[in-house]
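These notes concern the structure reproduced below.
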There are 2 protein chains.
Amino acid sequence: MSIDEAWDILLKYDYKRTKNREILLRFFDDADRYVTAMEVRVAVERDNPGISFDTIYRNLAMFSKLGILDETELNGERLFRMQCATDHHHHHFICTACGGTKSIPICPMDSVTVNLSEYVIEGHKFEIYGRCPKCKVG
Amino acid sequence: MSIDEAWDILLKYDYKRTKNREILLRFFDDADRYVTAMEVRVAVERDNPGISFDTIYRNLAMFSKLGILDETELNGERLFRMQCATDHHHHHFICTACGGTKSIPICPMDSVTVNLSEYVIEGHKFEIYGRCPKCKVG
DNA sequence: CCTTTAATTCGGAATCATTCCGATTACTTT
DNA sequence: AAAGTAATCGGAATGATTCCGAATTAAAGG
């Protein structure tokens, strides 16, 4: 998702165009990988020293709820990245060292044969973890 | 996994047979679903009032590392359950209301066609979230 | 059964990420 | 430019988890 597409969503829901949100969106657009909340804080403070934790966390949560950011969790740490363009549903390999991702174009839900008709399905998660070519040792 | 199988693992690694560990194992054996750390604390304090948080968290982490417990995360909460008998690899539907699970006998890794030969795969996660028949409304 | 020794637990303080809150600032519209 | 409201700030509060030194307990050997 581009910065402009993110702003389209934000403005549609009457969120204001602020300097801090622009800084956050530019950071995620540039990073193009999963980053921890701590990394966001460090990076964003470079552009706006003195930005409040509250502002960062509040916007991260809101971006995540609006689908601008994807959120996951690894070893107890929250990770965020710009959500992919929503053209077709897919999943990711995630590098545990750098947070980089690679698309996995299949969705396991298509292969589930168990009868879940009595169940209400709210969501699912499929992620592969490991080391990308750049981060693997040797 | 049974309580006895859990003790086999613990004793193999020279962990001692203590009252608190027995209480924890019995609780998980009985619960047979994902429970939060808070639920563990409340339940375990019934059997041993005055048990230290430290003891609970230390053993949860150790059980999890040894593969006695499965650990996942839902809405920022850590969830634990007794690991299934390790006879054949599978995944789970998890009820977001009660933590109950249902086995999904497929593994999406079998269907991944993307070339990951340059990647080192350390693990994967496939979970389906929703409401089980008992917890769905209406 | 008694002693020894090291693991385990206890209790409470410390940590750390995250959230809350009242006061201030900055968008957007008029 | 002024008004109205959302957003931010700064610092305090929260809450789960971990740390730490002292006390206790399980396992092994005599």
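Reminder, nothing fancy here: chain letters follow the sequence lines and each chain counts from 1. Remember, predicted model here, so these are calculated numbers, not experimental data.
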What's the shortest heavy-atom distance between [X] and [Y], and which atoms?
X	Y	value
Ser111(A)	Ser111(B)	OG-OG, 4.3 Å
Gly67(B)	Met1(B)	O-CE, 3.6 Å
Glu22(B)	Trp7(B)	OE1-NE1, 2.6 Å
Pro105(A)	His90(A)	CA-CB, 4.1 Å

**Request:** If a pair satisfies ring pair (Phe, Tyr, Trp, His ring centres under 6.0 Å) and one of its residues is in residues 43-74 of chain A, list it, with sequence neighbours excluded.
**Result:** none
**Complete:** Apart from Tyr34(A) itself, members of its ILVMFWY cluster (side-chain separation under 4.5 Å) are Leu74(A), Leu79(A), Ile94(A), Tyr129(A)
**Asked** Given a cutoff of under 4.5 Å between side-chain heavy atoms of I, L, V, M, F, W and Y, with clusters grown through shared members, what are the other residues clustered with Phe93(B)?
**Response** Phe93(A), Ile104(A), Ile106(A), Met109(A), Val112(A), Val114(A), Leu116(A), Tyr119(A), Ile121(A), Phe126(A), Ile128(A), Ile104(B), Ile106(B), Met109(B), Val112(B), Val114(B), Leu116(B), Tyr119(B), Ile121(B), Phe126(B), Ile128(B)
**Prompt:** Which pairs, with at least one residue in residues 99-110 of chain A and sequence neighbours excluded, count as a side-chain hydrogen bond (donor to acceptor under 3.5 Å, both in side chains)?
**Reply:** Arg81(A)-Thr101(A)
Give a yes-or-no answer on whether the side chains of [X] and [Y] include a donor-acceptor pair shorter than 3.5 Å.
X	Y	result
Ser64(B)	Glu71(B)	yes
Asp4(B)	Ser2(B)	no
Asn59(A)	Asn20(A)	no

**Counterpart residues, ring pair (Phe, Tyr, Trp, His ring centres under 6.0 Å), relative to Phe27(B) (two or more places apart)** = none
**Request:** Please report how far the helix from dC1(C)-dG30(D) to dT30(C)-dA1(D) bends, comparing the axis fitted to its first five pairs with the axis fitted to its last five, to the nearest 10 degrees.
**Result:** 40°
**Request:** Please work out which residues in residues 55-63 of chain A have a non-hydrogen atom less than 4.0 Å from an atom of DNA chain D and list them by number.
**Result:** Thr55(A), Arg58(A), Asn59(A)
For the pair made of [atom1] in [X] and [atom2] in [N], what is the distance, rounded to whole Å?
X	N	atom1	atom2	value
Asn48(A)	dT8(D)	CG	C1'	10 Å
Asp14(A)	dG4(D)	CG	C1'	14 Å
Ile51(B)	dT24(D)	CD1	P	17 Å
Arg21(B)	dT25(D)	CZ	P	15 Å
Phe53(B)	dC10(C)	CZ	P	12 Å
Asn20(A)	dA6(D)	CG	C1'	13 Å

Where do N or O atoms of nucleotides 28-30 of chain D meet protein N or O atoms at under 3.5 Å, pair by pair?
none

**Prompt:** Which residues satisfy the side-chain hydrogen bond (donor to acceptor under 3.5 Å, both in side chains) test with His89(A), sequence neighbours excluded?
**Reply:** His91(A), His124(A)
**Asked** How about Lys65(A): does its NZ atom have over 12 heavy atoms from other parts shown lying under 6.0 Å from it?
**Response** no
**Prompt:** Counting only non-hydrogen atoms, which of residues 66-83 of chain B are less than 4.0 Å from DNA chain C?
**Reply:** none
**Asked** Is a salt bridge present between Arg33(A) and Glu39(A), judged by a nitrogen-to-oxygen distance below 4.0 Å?
**Response** yes
**Prompt:** Going by an N to O cut-off under 4.0 Å, is there a salt bridge joining Arg41(B) and Glu45(B)?
**Reply:** no
**Request:** State the CG-CG distance between Leu24(B) and Asn48(B), to the nearest 0.5 angstrom.
**Result:** 9.5 Å
**Request:** Measure the spacing between OG1 of Thr36(A) and CG of Asn75(A) and express it to the nearest 0.5 Å.
**Result:** 12.0 Å
Short heteroatom pairs, N/O only, protein and nucleotides 21-25 of chain C, under 3.5 Å:
{"residue": "dC21(C)", "atom": "N4", "partner": "Asp54(A)", "partner atom": "OD2", "Å": "3.1"}

With the criterion being N/O to N/O and under 3.5 Å, what pairs connect the protein with nucleotides 28-30 of chain C, and how long is each?
{"residue": "dT28(C)", "atom": "OP1", "partner": "Arg17(A)", "partner atom": "N", "Å": "3.0"}

